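The structure appears right after this line, and notes come after that.
Throughout, protein chains are lettered first and strands after them, A, B, ... in sequence-line order, and every chain is numbered starting at 1. Hydrogens, waters and symmetry mates play no part in the numbers below; they use all other heavy atoms, side chains included. Computed from a prediction, not measured in an experiment: that's the story for all the values here.
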Amino acid sequence: MATTTISQDPKWWNGGKSPFNIEYGKVMMWYFLMSDAFTFGAFLIAYGTIRFSTNGWPDPNEVFQSFPGLGSGLPLMFVSLMTFILIISSVTMVLAVKAGHERNKPAVVKYLIWTIIGGIAFLGCQAWEWTHMHHEGAWWGRNPFVNADGSASTTNFTNFFFTITGFHGFHVLSGVIINIIMLIMTLTNVFEKKGHYLMIEKAGLYWHFVDLVWVFVFTCFYLI
Amino acid sequence: MEHISVQGHEEHHGGNKNEVRDVTIILSVLTLVELALGFWMFKSHMEGFLRGAVKGLIIILMLAKAFYIVAYFMHLKHEIKNMIMTIVVPLSLFFWFIISFLYDGSSYKNLRNAYDPYHKEQSTKKAQDQELHNADDIHLEEKKNPAEH
């Protein structure tokens with residue numbers, strides 16, 4: 001019987017240990033996120049395919065150009081605010097996960113609360129934008145905007161916009177709910193009793209994925 | 001029986017404070033550059049190749065942001081190679097998805113424009129003209145059926 005300590009190139013597939021070297025729940029969260037990435041990818045590729053097969057398309061800077069309280073004529077401003085809110089909430093989630101590693105309960109609580117506030121702020125922004133666009137006459141099946149070249153636009157534009165940002169917003173909502181559950185579990189000492197905060201890491205993975213999807217949605221709908 | 005304990009297992013969870021700060025700064029700067037490019041593209045009304053090039057640059061910046069989020073925030077860079085591969089290899093299907101589907105869409109557009117002149121005429125007609133047409137139609141109908149109004 002030999003006890004060897006190896007720092008590189010162990011035989012990961014010989015059995016007796018996890019070949020991925022991370023906890024089961026995290027592996028499963030990664031696989032769930034991978035499948036979710038394919039779902040979002042399918043949506044965005046469908047959007048791209050329709051856009052490539054259509055002669056004209058609205059200019060996003062003409063469509064998304066309002067800011068609450070400041071009126072219109074401000075392209076990209078509101079969506080930049082939304083993007084930064086989500087990036088910052090992702091950073092506070094990293095800090096919550098880090099605090100969990102250090103088993104620093106007050107810090108976990110603090111950063112989780114900031115993350116939840118960021119998520120709610122993002123949802124509020126999205127609710128405002130949807131309401132604003134609905135007032136302008138845009139909805140599923142209705143498109144008041146014209147194409148960049150002045151030709152009439154199809155409802156594909158609004159259908160894809162509301163479906164994809166709606167699906168993303170639903171992910172943000174479920175992320176906020178998961179984070180609230182994590183906060184309650186932290187406050188009731190569930191993780192302290194377990195002896196580890198691995199659950200926060202899984203919630204964190206999900207939350208970062210939501211931010212990751214927004215990077216793609218933001219670029220595909222608002223920038224190009 | 002061999003008993004292997006692997007060094008630096010769950011311990012080296014990367015993500016020290018400096019790394020988090022650096023990645024935050026990188027993500028913010030990349031976003032600001034993206035926004036500046038988008039704003040420039042809007043203000044200068046650029047067309048053709050330059051517009052395509054700026055859009056390509058924005059997509060490259062988007063992929064860079066995605067890399068930083070997945071590698072550092074989601075911590076994938078600090079996992080072992082088996083784990084990285086099991087996530088990244090399936091996602092490489094996207095190369096084929098994107099190329100084939102977008103090519104298909106573009107090909108459909110070109111074929112339709114070439115062989116369906118009615119579609120081309122309708123889809124490139126100015127929206128204002130159409131509205132005027134509709135207005136005329138309503139006007140005519142009103143003339144035809146005055147009793148209804």
Side-chain angles (χ1 to χ4, degrees), chain A residues 1-7 10-12 16-17 19-22 27 30 34 37-38 41-42 45-46 48-56 59 61 75-76 80 83-84 87-88 90-91 93-95 97-98 101 146-147 149-153 204-205 208-209 211-212 215-216 219 222-224, chain B residues 1-10 13 15 17 20 23-24 27-28 31 34-35 37-39 41-42 55 58-59 61-62 65-66 69-70 72-75 79-80 82-83 86-87 90-91 93-94 97-98 101-106 108-109 112-113 120 122-128 130:
Chain A
M1 186 164 165
T3 303
T4 32
T5 305
I6 303 173
S7 59
K11 291 189 168 58
W12 289 108
K17 60 181 157 309
F20 296 144
N21 201 26
I22 57 174
V27 180
W30 269 108
M34 193 170 68
F38 277 109
I45 291 168
T49 308
I50 293 298
R51 199 169 159 174
F52 268 61
S53 68
T54 311
N55 277 323
D59 183 350
N61 293 303
L76 290 174
S80 336
T83 305
F84 277 108
I87 289 177
I88 298 306
S90 217
V91 174
M93 192 75 213
V94 175
L95 295 173
V97 170
K98 211 178 108 55
H101 276 296
V146 293
N147 288 333
D149 61 0
S151 58
S153 184
L205 282 177
H208 297 314
F209 178 76
D211 183 28
L212 177 70
V215 167
F216 287 89
T219 308
Y222 296 88
L223 282 176
I224 60 178
Chain B
M1 205 179 123
E2 227 179 3
H3 193 85
I4 302 171
S5 65
V6 181
Q7 278 185 348
H9 172 198
E10 291 275 347
H13 255 287
K17 208 103 185 175
V20 174
V23 174
T24 310
L27 286 176
S28 307
T31 307
E34 273 189 333
L35 289 167
L37 286 173
F39 197 69
M41 199 162 72
F42 169 61
K55 284 186 178 184
I58 289 175
I59 288 172
L61 292 172
M62 168 187 85
K65 277 167 76 180
I69 291 173
V70 174
Y72 295 101
F73 282 5
M74 297 174 87
H75 210 262
E79 309 293 359
I80 65 167
N82 289 341
M83 185 62 208
T86 189
I87 301 300
L91 289 180
L93 275 171
F94 273 120
F97 288 155
I98 291 167
F101 278 85
L102 296 191
Y103 185 80
D104 186 42
S106 158
Y108 179 59
K109 175 178 80 178
R112 227 175 160 197
N113 285 341
K120 191 174 184 190
Q122 286 300 308
S123 63
T124 50
K125 195 157 65 177
K126 296 274 176 259
Q128 283 79 6
Q130 280 188 339

Distance, nearest 0.5 Å, that separates [atom1] of [X] from [atom2] of [Y]:
X: B/Phe39; Y: A/Leu223; atom1: CZ; atom2: CG; value: 12.5 Å
X: B/Tyr72; Y: A/Ser90; atom1: OH; atom2: OG; value: 15.5 Å
X: B/Ser123; Y: A/Asn147; atom1: OG; atom2: CG; value: 9.0 Å
X: A/Leu205; Y: B/Phe73; atom1: CG; atom2: CZ; value: 13.0 Å
X: B/Leu27; Y: A/Thr83; atom1: CG; atom2: OG1; value: 11.5 Å

Pairwise side-chain contact, [X] with [Y], heavy-atom cut-off 4.5 Å (strictly under):
X: A/Trp30; Y: B/Met74; result: yes
X: B/Ile69; Y: A/Phe209; result: no
X: A/Phe216; Y: B/Met62; result: yes
X: B/Lys109; Y: A/Asn55; result: yes
X: A/Asn21; Y: B/Glu79; result: no
X: B/Lys126; Y: A/Ser151; result: no

Measure distances from B/Leu93 to the heavy atoms of chain A and classify the residue's part below 4.5 Å as side chain, backbone, both or neither.
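The side chain, not the backbone.
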
Which heavy atom in [X] sits nearest to a heavy atom in [Y], and how many Å separate them?
X: A/Thr219; Y: B/Glu34; result: OG1-OE2, 3.7 Å
X: B/Met41; Y: A/Ile224; result: CE-CA, 4.4 Å
X: B/Leu102; Y: A/Thr49; result: CD2-N, 3.5 Å

Mind checking what makes side chain to side chain contact (heavy atoms under 4.5 Å, CB included) contact with A/Ala42, not counting sequence neighbours?
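None.
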
Partners meeting side chain to side chain contact (heavy atoms under 4.5 Å, CB included) with B/Phe94 (sequence neighbours left out)
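Applying side chain to side chain contact (heavy atoms under 4.5 Å, CB included) to B/Phe94 gives A/Phe38, A/Ile45, B/Leu91, B/Phe97, B/Ile98.
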
Contacting moiety of A/Ser153, where chain B heavy atoms sit under 4.5 Å:
neither

At a heavy-atom separation under 4.5 Å, does A/Leu95 approach chain B through its side chain, its backbone, both, or neither?
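The answer is the side chain of A/Leu95.
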
I'd like to know which of B/Ile59, B/Ile87, B/Leu61 tops the heavy-atom pair count under 4.5 Å against chain A.
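Among B/Ile59, B/Ile87, B/Leu61, the one with the most close pairs to chain A is B/Ile87.
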
For chain A, the option from B/Thr31, B/Thr124, B/Thr86 that forms the most heavy-atom pairs under 4.5 Å:
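Highest number of pairs under 4.5 Å: B/Thr86.
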
Is atom [atom1] of [X] surrounded by more than 12 heavy atoms (other residues, nucleotides or ligands) closer than 6.0 Å?
X: A/Phe84; atom1: CZ; result: yes
X: B/Phe42; atom1: CZ; result: yes
X: B/Lys55; atom1: NZ; result: yes

